[in-house]
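Working notes, beginning with the structure itself.
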Amino acid sequence: MNLLPVKKKRVYHTIVEQIKSAIEKEEIVHGEKLPSERSLANEFSVSRTSVKEAFSVLESAGVVEIKHGSGVYLRKDTKSGLISKMNTIIRGVTVDIVELMELRLAIERDAAYYAAIRGLEKDVQAIYDALCDLENAVLKGDVAAKEDLTFHMAIAKAAGNSVFEKVMYMLSDQVLEGLKESRSNTLKQPYNSKAIVEEHRNIYAAIKKGDAQMAQECMTIHLQNVKERYL
(Lines give C-alpha, C1' and ligand atoms only; values in the text may rest on other atoms or scores of the structure.)
Protein backbone atom coordinates (compact mmCIF):
# COMPACT_ATOMS: atom_id res chain seq x y z
CA MET A 1 0.00 0.00 0.00
CA ASN A 2 1.21 3.47 -0.89
CA LEU A 3 0.25 5.30 2.28
CA LEU A 4 0.93 8.94 3.03
CA PRO A 5 1.97 10.14 6.50
CA VAL A 6 -0.81 11.60 8.59
CA LYS A 7 -0.14 15.21 9.47
CA LYS A 8 -0.64 15.92 13.14
CA LYS A 9 -2.68 19.05 13.78
CA ARG A 10 -0.83 21.60 15.86
CA VAL A 11 -2.61 22.82 19.00
CA TYR A 12 -2.47 26.43 17.82
CA HIS A 13 -4.45 25.43 14.71
CA THR A 14 -7.33 24.37 16.96
CA ILE A 15 -7.15 27.68 18.81
CA VAL A 16 -7.15 29.60 15.52
CA GLU A 17 -10.19 27.61 14.36
CA GLN A 18 -12.05 28.49 17.59
CA ILE A 19 -11.24 32.18 17.21
CA LYS A 20 -12.30 32.02 13.56
CA SER A 21 -15.62 30.49 14.61
CA ALA A 22 -16.13 33.32 17.10
CA ILE A 23 -15.49 35.88 14.34
CA GLU A 24 -17.93 34.13 11.99
CA LYS A 25 -20.60 34.26 14.71
CA GLU A 26 -19.62 37.89 15.36
CA GLU A 27 -18.88 37.09 18.99
CA ILE A 28 -15.67 39.05 18.36
CA VAL A 29 -15.65 42.01 15.97
CA HIS A 30 -12.79 43.94 14.38
CA GLY A 31 -10.97 46.28 16.73
CA GLU A 32 -12.15 44.34 19.77
CA LYS A 33 -9.82 43.01 22.44
CA LEU A 34 -9.47 39.22 22.63
CA PRO A 35 -9.55 37.31 25.94
CA SER A 36 -6.21 37.02 27.74
CA GLU A 37 -3.76 34.15 27.30
CA ARG A 38 -4.70 32.78 30.72
CA SER A 39 -8.42 32.97 29.97
CA LEU A 40 -8.12 31.21 26.59
CA ALA A 41 -5.76 28.59 28.00
CA ASN A 42 -8.32 27.73 30.66
CA GLU A 43 -11.23 27.79 28.21
CA PHE A 44 -9.51 25.53 25.66
CA SER A 45 -7.69 23.38 28.26
CA VAL A 46 -4.33 24.04 26.64
CA SER A 47 -1.07 25.58 27.79
CA ARG A 48 -0.49 29.32 27.71
CA THR A 49 2.45 28.57 25.40
CA SER A 50 0.03 27.20 22.78
CA VAL A 51 -2.14 30.32 23.07
CA LYS A 52 0.96 32.51 22.77
CA GLU A 53 1.93 30.58 19.61
CA ALA A 54 -1.55 31.09 18.15
CA PHE A 55 -1.40 34.82 18.87
CA SER A 56 2.05 35.04 17.27
CA VAL A 57 0.87 33.29 14.09
CA LEU A 58 -2.27 35.45 13.95
CA GLU A 59 -0.16 38.58 14.30
CA SER A 60 2.15 37.48 11.46
CA ALA A 61 -0.91 36.86 9.27
CA GLY A 62 -2.24 40.35 9.99
CA VAL A 63 -5.28 39.14 11.94
CA VAL A 64 -4.44 40.58 15.35
CA GLU A 65 -2.31 43.33 16.82
CA ILE A 66 -0.44 42.61 20.03
CA LYS A 67 -0.19 45.71 22.20
CA HIS A 68 2.26 44.99 24.99
CA GLY A 69 0.85 45.91 28.35
CA SER A 70 -2.64 46.23 26.89
CA GLY A 71 -3.60 42.96 25.19
CA VAL A 72 -4.36 41.38 21.83
CA TYR A 73 -6.77 43.13 19.49
CA LEU A 74 -8.51 41.98 16.33
CA ARG A 75 -7.29 44.18 13.48
CA LYS A 76 -9.74 46.53 11.78
CA ASP A 77 -10.52 44.55 8.64
CA THR A 78 -13.61 43.12 6.97
CA LYS A 79 -15.04 39.94 8.40
CA SER A 80 -14.33 38.09 5.13
CA GLY A 81 -10.78 39.45 5.06
CA LEU A 82 -10.03 38.20 8.56
CA ILE A 83 -11.53 34.78 7.87
CA SER A 84 -9.58 34.48 4.61
CA LYS A 85 -6.31 35.14 6.44
CA MET A 86 -7.20 32.59 9.10
CA ASN A 87 -8.06 29.98 6.46
CA THR A 88 -4.58 30.54 5.09
CA ILE A 89 -3.13 29.62 8.49
CA ILE A 90 -5.41 26.61 8.98
CA ARG A 91 -4.72 25.20 5.51
CA GLY A 92 -1.02 25.73 5.86
CA VAL A 93 -0.57 28.11 2.94
CA THR A 94 2.65 29.91 3.72
CA VAL A 95 2.29 32.78 1.26
CA ASP A 96 -0.24 35.52 0.82
CA ILE A 97 -2.61 34.87 -2.07
CA VAL A 98 -2.08 38.30 -3.59
CA GLU A 99 1.70 37.81 -3.48
CA LEU A 100 1.25 34.38 -5.03
CA MET A 101 -0.85 35.88 -7.83
CA GLU A 102 1.86 38.43 -8.55
CA LEU A 103 4.44 35.64 -8.84
CA ARG A 104 2.15 33.58 -11.05
CA LEU A 105 1.65 36.59 -13.32
CA ALA A 106 5.42 36.99 -13.72
CA ILE A 107 5.81 33.31 -14.65
CA GLU A 108 2.64 32.33 -16.48
CA ARG A 109 2.23 35.17 -18.94
CA ASP A 110 5.55 34.18 -20.53
CA ALA A 111 4.70 30.49 -20.25
CA ALA A 112 1.59 31.19 -22.33
CA TYR A 113 3.70 33.17 -24.82
CA TYR A 114 6.11 30.30 -25.37
CA ALA A 115 3.33 27.68 -25.34
CA ALA A 116 1.82 29.43 -28.37
CA ILE A 117 5.17 29.27 -30.17
CA ARG A 118 6.52 25.90 -29.08
CA GLY A 119 3.48 23.88 -28.05
CA LEU A 120 3.29 20.54 -29.86
CA GLU A 121 -0.04 19.12 -31.00
CA LYS A 122 -0.17 16.78 -27.99
CA ASP A 123 0.57 19.71 -25.65
CA VAL A 124 -2.24 21.83 -27.09
CA GLN A 125 -4.56 18.82 -26.83
CA ALA A 126 -3.65 18.45 -23.14
CA ILE A 127 -4.55 22.12 -22.58
CA TYR A 128 -7.87 21.58 -24.35
CA ASP A 129 -8.64 18.47 -22.29
CA ALA A 130 -7.92 20.41 -19.11
CA LEU A 131 -10.19 23.22 -20.34
CA CYS A 132 -13.04 20.76 -20.92
CA ASP A 133 -12.61 19.30 -17.44
CA LEU A 134 -12.64 22.81 -15.98
CA GLU A 135 -15.81 23.75 -17.87
CA ASN A 136 -17.59 20.57 -16.77
CA ALA A 137 -16.61 21.09 -13.14
CA VAL A 138 -17.82 24.71 -13.18
CA LEU A 139 -21.13 23.62 -14.76
CA LYS A 140 -21.60 21.25 -11.82
CA GLY A 141 -21.05 24.16 -9.43
CA ASP A 142 -17.71 22.82 -8.17
CA VAL A 143 -14.87 25.08 -7.03
CA ALA A 144 -12.82 23.34 -9.78
CA ALA A 145 -9.46 24.29 -8.26
CA LYS A 146 -7.74 21.06 -9.34
CA GLU A 147 -9.03 21.39 -12.89
CA ASP A 148 -7.87 25.00 -12.97
CA LEU A 149 -4.39 24.02 -11.78
CA THR A 150 -4.21 21.22 -14.36
CA PHE A 151 -4.97 23.74 -17.13
CA HIS A 152 -2.17 26.07 -16.04
CA MET A 153 0.28 23.19 -15.51
CA ALA A 154 -0.45 22.00 -19.06
CA ILE A 155 0.46 25.44 -20.38
CA ALA A 156 3.72 25.43 -18.41
CA LYS A 157 4.58 22.06 -19.95
CA ALA A 158 3.66 23.27 -23.44
CA ALA A 159 6.09 26.19 -23.07
CA GLY A 160 8.94 23.80 -23.82
CA ASN A 161 11.05 25.16 -20.96
CA SER A 162 11.67 22.69 -18.14
CA VAL A 163 12.19 25.51 -15.63
CA PHE A 164 8.64 26.83 -16.14
CA GLU A 165 7.30 23.36 -15.48
CA LYS A 166 9.53 22.77 -12.45
CA VAL A 167 8.68 26.11 -10.86
CA MET A 168 4.94 25.51 -11.34
CA TYR A 169 5.35 22.03 -9.87
CA MET A 170 7.17 23.43 -6.83
CA LEU A 171 4.39 25.99 -6.37
CA SER A 172 1.56 23.57 -7.13
CA ASP A 173 0.46 22.92 -3.53
CA GLN A 174 0.35 26.62 -2.74
CA VAL A 175 -1.28 27.46 -6.06
CA LEU A 176 -3.95 24.80 -5.44
CA GLU A 177 -4.74 26.14 -1.96
CA GLY A 178 -4.71 29.66 -3.34
CA LEU A 179 -7.14 28.64 -6.08
CA LYS A 180 -9.46 27.00 -3.57
CA GLU A 181 -9.44 30.13 -1.45
CA SER A 182 -9.79 32.66 -4.26
CA ARG A 183 -12.39 30.67 -6.21
CA SER A 184 -14.49 30.00 -3.11
CA ASN A 185 -14.51 33.74 -2.60
CA THR A 186 -15.13 34.85 -6.19
CA LEU A 187 -17.71 32.22 -7.13
CA LYS A 188 -20.14 33.68 -4.60
CA GLN A 189 -21.09 35.96 -7.50
CA PRO A 190 -22.82 33.89 -10.26
CA TYR A 191 -21.41 35.93 -13.17
CA ASN A 192 -17.85 35.14 -12.06
CA SER A 193 -18.17 31.50 -13.17
CA LYS A 194 -18.89 32.55 -16.75
CA ALA A 195 -16.05 35.08 -16.73
CA ILE A 196 -13.54 32.55 -15.40
CA VAL A 197 -14.40 29.96 -18.05
CA GLU A 198 -14.34 32.57 -20.83
CA GLU A 199 -10.89 33.77 -19.77
CA HIS A 200 -9.53 30.21 -19.93
CA ARG A 201 -11.11 29.70 -23.35
CA ASN A 202 -9.41 32.85 -24.64
CA ILE A 203 -6.02 31.66 -23.41
CA TYR A 204 -6.48 28.28 -25.06
CA ALA A 205 -7.71 29.81 -28.34
CA ALA A 206 -4.67 32.08 -28.58
CA ILE A 207 -2.26 29.21 -27.88
CA LYS A 208 -3.99 26.95 -30.40
CA LYS A 209 -3.82 29.73 -32.99
CA GLY A 210 -0.12 30.19 -32.30
CA ASP A 211 -0.59 33.87 -31.44
CA ALA A 212 2.07 34.37 -28.76
CA GLN A 213 1.31 38.03 -28.06
CA MET A 214 -2.40 37.33 -27.68
CA ALA A 215 -1.74 34.31 -25.45
CA GLN A 216 0.46 36.44 -23.21
CA GLU A 217 -2.17 39.20 -23.11
CA CYS A 218 -5.02 36.79 -22.33
CA MET A 219 -3.05 35.19 -19.51
CA THR A 220 -2.18 38.61 -18.11
CA ILE A 221 -5.82 39.71 -18.20
CA HIS A 222 -6.96 36.47 -16.58
CA LEU A 223 -4.53 36.58 -13.66
CA GLN A 224 -5.10 40.27 -13.05
CA ASN A 225 -8.84 39.61 -13.00
CA VAL A 226 -8.38 36.73 -10.57
CA LYS A 227 -6.50 39.08 -8.25
CA GLU A 228 -9.16 41.81 -8.55
CA ARG A 229 -12.03 39.36 -8.00
CA TYR A 230 -10.33 38.00 -4.89
CA LEU A 231 -9.75 41.48 -3.47
Side-chain angles (χ1 to χ4, degrees), residues 2 4 87-88 91-187 192-230:
N2 185 21
L4 297 174
N87 283 336
T88 296
R91 293 174 180 171
V93 181
T94 57
V95 296
D96 181 87
I97 291 178
V98 174
E99 291 179 349
L100 180 61
M101 290 307 305
E102 290 173 355
L103 177 60
R104 287 186 61 194
L105 181 59
I107 297 169
E108 293 191 59
R109 58 186 169 192
D110 282 351
Y113 178 93
Y114 289 114
I117 296 173
R118 302 171 180 165
L120 303 175
E121 185 177 342
K122 63 177 182 179
D123 297 324
V124 177
Q125 182 62 46
I127 297 171
Y128 177 72
D129 291 343
L131 174 63
C132 291
D133 289 341
L134 173 63
E135 290 179 338
N136 290 333
V138 170
L139 283 173
K140 293 177 184 176
D142 296 339
V143 172
K146 288 183 179 179
E147 292 81 2
D148 199 323
L149 176 60
T150 300
F151 177 86
H152 288 274
M153 291 291 289
I155 291 173
K157 182 176 178 61
N161 181 321
S162 63
V163 178
F164 278 126
E165 191 175 358
K166 287 174 183 176
V167 170
M168 285 297 292
Y169 179 78
M170 287 188 291
L171 292 173
S172 60
D173 286 345
Q174 292 175 325
V175 171
L176 181 59
E177 291 303 325
L179 283 167
K180 287 178 182 177
E181 184 64 35
S182 63
R183 289 175 71 85
S184 294
N185 188 46
T186 60
L187 291 179
N192 280 335
S193 296
K194 184 177 180 180
I196 288 168
V197 170
E198 188 63 28
E199 287 165 16
H200 285 82
R201 284 177 184 161
N202 291 340
I203 296 168
Y204 164 72
I207 291 174
K208 181 176 174 57
K209 188 178 178 181
D211 190 333
Q213 292 289 348
M214 182 57 70
Q216 186 180 52
E217 183 179 337
C218 288
M219 180 64 79
T220 300
I221 291 170
H222 167 57
L223 293 178
Q224 287 177 337
N225 285 345
V226 171
K227 180 179 175 182
E228 290 175 9
R229 283 190 291 259
Y230 174 71

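Just so we're clear, the structure is a prediction, and the values are computed from it rather than from any experiment.
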> Taking all non-hydrogen atoms of both residues, which atom of Ile117 and which atom of Ala212 are closest, and how far apart?
Replying inline: CG1-CB, 3.7 Å

>> Using every non-hydrogen atom in the two residues, find where Ala116 and Ala206 come nearest and quote the distance to one decimal.
In response: CB-O, 4.2 Å

>> Show, in sequence, the C-alpha distance, side-chain angles and deciding distance for Glu147 and Asn136, and conclude whether the side chain to side chain contact (heavy atoms under 4.5 Å, CB included) test is met.
In response: CA-CA 9 Å; Glu147 292 81 2; Asn136 290 333; over 6 Å; no

> What is the distance from atom CG of Asp133 to atom OG1 of Thr150, rounded to the nearest 0.5 Å?
Replying inline: 7.5 Å

>> Please report the interatomic distance CG(Asn161) to CZ(Arg118), rounded to the nearest 0.5 Å.
In response: 6.0 Å

> Taking the side chain from Arg109 and the backbone from Gln216, do they hold a donor-acceptor pair closer than 3.5 Å?
Replying inline: no

>> Quick check for you: to the nearest 0.5 Å, what is the distance between Asp211 atom CG and Tyr113 atom OH?
In response: 10.0 Å

>> As a test of understanding, state which of Glu199, Glu198, Glu108 forms a side chain to side chain donor-acceptor pair (under 3.5 Å) with His222.
In response: Glu199

> Of all heavy-atom pairs between Ile107 and Phe164, which one has the smallest distance, and what is that distance?
Replying inline: O-CE2, 3.4 Å

> What closest approach, in Å, do Ala215 and Ile207 show between heavy atoms, and which atom pair accounts for it?
Replying inline: CB-CG1, 3.9 Å

> Between atom CG of Asp148 and atom CG of Asp142, what is the distance when rounded to the nearest 0.5 Å?
Replying inline: 12.5 Å

>> Once rounded to the nearest 0.5 Å, what's the spacing between atom CE of Met153 and atom CE of Met168?
In response: 6.0 Å

>> Let me confirm one number: the CD-CG distance from Glu217 to Asn202, rounded to the nearest 0.5 Å.
In response: 10.0 Å

>> Please verify the inter-ring angle class for His200 with His152; under 30° counts as parallel, over 60° as perpendicular, anything in between as tilted.
In response: perpendicular

> Should the heavy atoms of other residues, nucleotides or ligands under 6.0 Å from CZ of Phe151 be counted, would the total exceed 12?
Replying inline: yes

> What are the two closest heavy atoms between Ala115 and Ile155, and how far apart are they?
Replying inline: CB-O, 3.8 Å

> Are any non-hydrogen side-chain atoms of Glu228 and Asn225 less than 4.5 angstrom apart?
Replying inline: yes

